[in-house]
Amino acid sequence: MNLVIDQGNSSAKVAVFQEDKMVFFQKYEHFSEKEADELRLTYNYKRAIRSSVKGDDIALYDYMQERMEKWVVLTNETCIPIGNLYKTPNTLGRDRIAVCVGANYLQPNQNLLVIDAGTAITYDVVNSQNQYVGGNISLGIEMRRKALHTFTAKLPLVDVPDDVPLIGTTTEEAISSGVINGISGEINSYIEEFSKIYPNLLVFLTGGSSKCFERRIKSRIFAVENLVQIGLNRILNYR
């Protein structure tokens with residue numbers, strides 16, 4: 001059994017894998033040694049990995065270090081099963097490399113575009129030589145709608161629904177349509193342009209906002225909800 005911890009800015013996404021099968025998944029506001037101990041009583045995991053955007057949790061680190069047969073804290077120095085061509089690997093987000101490892105594990109030796117639609121939207125490319133090439137970072141739904149409200153005098157802060165018209169007939173609809181259709185156009189444009197460089201490009205879509213865009217993408221895609229967790233489990237099992 002493997003424990004996988006993906007610590008984000010607002011919550012921790014925690015999974016347990018039995019070999020390659022995810023047998024448990026839950027979001028925690030904070031995942032500490034107490035929760036780790038409770039999970040260990042149920043699943044008896046002996047290997048664990050943590051990826052975090054918030055830095056180290058010393059108490060959790062000490063707990064895992066004492067009890068695990070293998071304990072990995074993902075950094076730019078961690079051995080991963082794909083090459084890394086990024087010029088500044090120390091600045092590369094751990095979640096970005098994890099989703100790429102996950103996609104490459106599911107579709108090895110292929111040109112891949114991995115789109116992670118969360119707070120930010122990341123576009124990352126893995127080539128058919130199993131090398132991470134690089135990618136782009138853009139604004140997600142929440143950031144766009146808040147920016148329109150914050151940096152203008154009169155535009156309201158609106159809740160953006162999944163289903164929006166192409167042309168808004170109210171200010172609220174215009175904002176919602178601009179946000180969702182703007183991102184959709186951006187996604188389709190990236191797929192089109194990257195496909196010119198990387199033949200037979202396979203597209204993976206993941207992240208908390210991914211369902212908003214699945215039916216708006218013109219190309220065939222692999223929609224994988226827990227791609228970060230799959231990638232982290234693959235890294236933990238590597239070597």
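For the side-chain contact (heavy atoms from CB on, under 4.5 Å) test with Tyr132, the passing option among Ile97, Ile80, Leu112 is Ile97; the others fail.
Side-chain contact between Tyr43 and Gln18 is absent, with no heavy atoms from C-beta onward closer than 4.5 Å. Side-chain contact check for Asp124 versus Tyr86: every heavy-atom pair is 4.5 Å or farther apart. Residues Ile49 and Asn2 have side chains not in contact (no heavy-atom distance under 4.5 Å, counting atoms from C-beta outward). Put simply, the side chain of Leu227 does not reach to within 4.5 Å of the side chain of Asp116, judged on heavy atoms.
Listed for the Arg234 side chain is no donor-acceptor partner under 3.5 Å among the backbone atoms of Pro81. The main-chain N or O of Gly185 is never found under 3.5 Å from a side-chain atom of Ser189 such that the two would form a donor-acceptor pair. A donor-acceptor pair under 3.5 Å is formed between the side chain of Arg145 and the backbone N or O of Val158. Without hydrogens or angle criteria, Thr206 side chain to Glu225 main chain gives a donor-acceptor distance under 3.5 Å. Listed for the Asn233 side chain is no donor-acceptor partner under 3.5 Å among the backbone atoms of Gln229. Of the possible polar contacts, one joining the Asn111 side chain to the Pro199 backbone as a donor-acceptor pair under 3.5 Å is found. Not one N or O on the side chain of Ser177 forms a donor-acceptor pair closer than 3.5 Å with the backbone of Ala174.
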Full working for side-chain contact (heavy atoms from CB on, under 4.5 Å) between Leu113 and Ile191: CA-CA 8 Å; Leu113 172 60; Ile191 293 173; 3.8 Å; yes
Met68/Arg40 under side-chain contact (heavy atoms from CB on, under 4.5 Å): CA gap, chis, key distance, verdict: CA-CA 10 Å; Met68 295 296 101; Arg40 195 164 68 93; 3.8 Å; yes
Steps toward side-chain contact (heavy atoms from CB on, under 4.5 Å) verdict (Asn130, Gln110): CA-CA 7 Å; Asn130 304 311; Gln110 302 286 338; over 6 Å; no
Residue pair Tyr190, Val203: steps toward the side-chain contact (heavy atoms from CB on, under 4.5 Å) verdict: CA-CA 11 Å; Tyr190 271 129; Val203 181; over 6 Å; no
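Members clustered with Tyr238: none, using a 4.5 Å side-chain heavy-atom cutoff among hydrophobic residues. Summarising the hydrophobic clusters (Ile, Leu, Val, Met, Phe, Trp, Tyr; side-chain heavy atoms under 4.5 Å, direct or chained), the residues clustered with Met143 are Leu139.
Trp71 CH2 to Met64 CE: the interatomic distance, rounded to the nearest 0.5 Å, is 5.0 Å. A distance of 14.0 Å separates NZ of Lys70 from CG of Leu3, quoted to the nearest 0.5 Å. Expressed to the nearest 0.5 Å, how far CZ of Phe31 lies from CZ of Arg50 amounts to 10.0 Å. We find the CD1-CD1 distance between Ile115 and Ile183 to be 11.5 Å, quoted to the nearest 0.5 Å.
Residues Phe194 and Tyr198 place their aromatic rings such that the two centres sit no closer than 6.0 Å.
In this structure, Ile82 is a member of the same hydrophobic cluster as Leu236, with clusters built from ILVMFWY side-chain heavy atoms closer than 4.5 Å. At a threshold of 4.5 Å between side-chain heavy atoms, the hydrophobic network of Ile, Leu, Val, Met, Phe, Trp and Tyr places Val16 and Val4 in two separate groups.
Here the shortest heavy-atom pairing between Phe204 and Leu106 reads CE2-CD1, 3.9 Å. Nearest heavy atoms, His30 versus Asp57: CE1-OD2, 3.6 Å. Across all their heavy atoms, Tyr45 and Asp37 have their closest contact at OH-N, 4.4 Å. When all heavy atoms of Leu232 and Ile5 are compared, the pair lying nearest together is CD1-O, 4.0 Å. Of all non-hydrogen atoms in Cys79 and Ile235, the two that sit nearest each other are O-CG2, 3.9 Å. In terms of heavy-atom proximity, Ile137 sits nearest to Arg96 at CD1-NH1, 3.6 Å.
Within 6.0 Å of atom CG in Asn90, more than 12 heavy atoms from other residues, nucleotides or ligands are found, so the atom counts as buried in its surroundings. No more than 12 heavy atoms of other residues, nucleotides or ligands sit less than 6.0 Å from atom NZ of Lys46. Annotation for Glu38: atom CD counts as buried by contact number, over 12 foreign heavy atoms lying within 6.0 Å.
Between Phe24 and Tyr28, the two ring planes are tilted [angle within 30° to 60°].
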Throw together a table of side-chain donor-acceptor distances under 3.5 angstrom for residues 215-224, partners on residues two or more places apart or in other chains.
| residue | atom | partner | partner atom | Å |
| --- | --- | --- | --- | --- |
| Arg216 | NH1 | Asp162 | O | 3.2 |
| Arg216 | NH1 | Cys212 | O | 2.5 |
| Arg216 | NH2 | Asp162 | O | 2.7 |

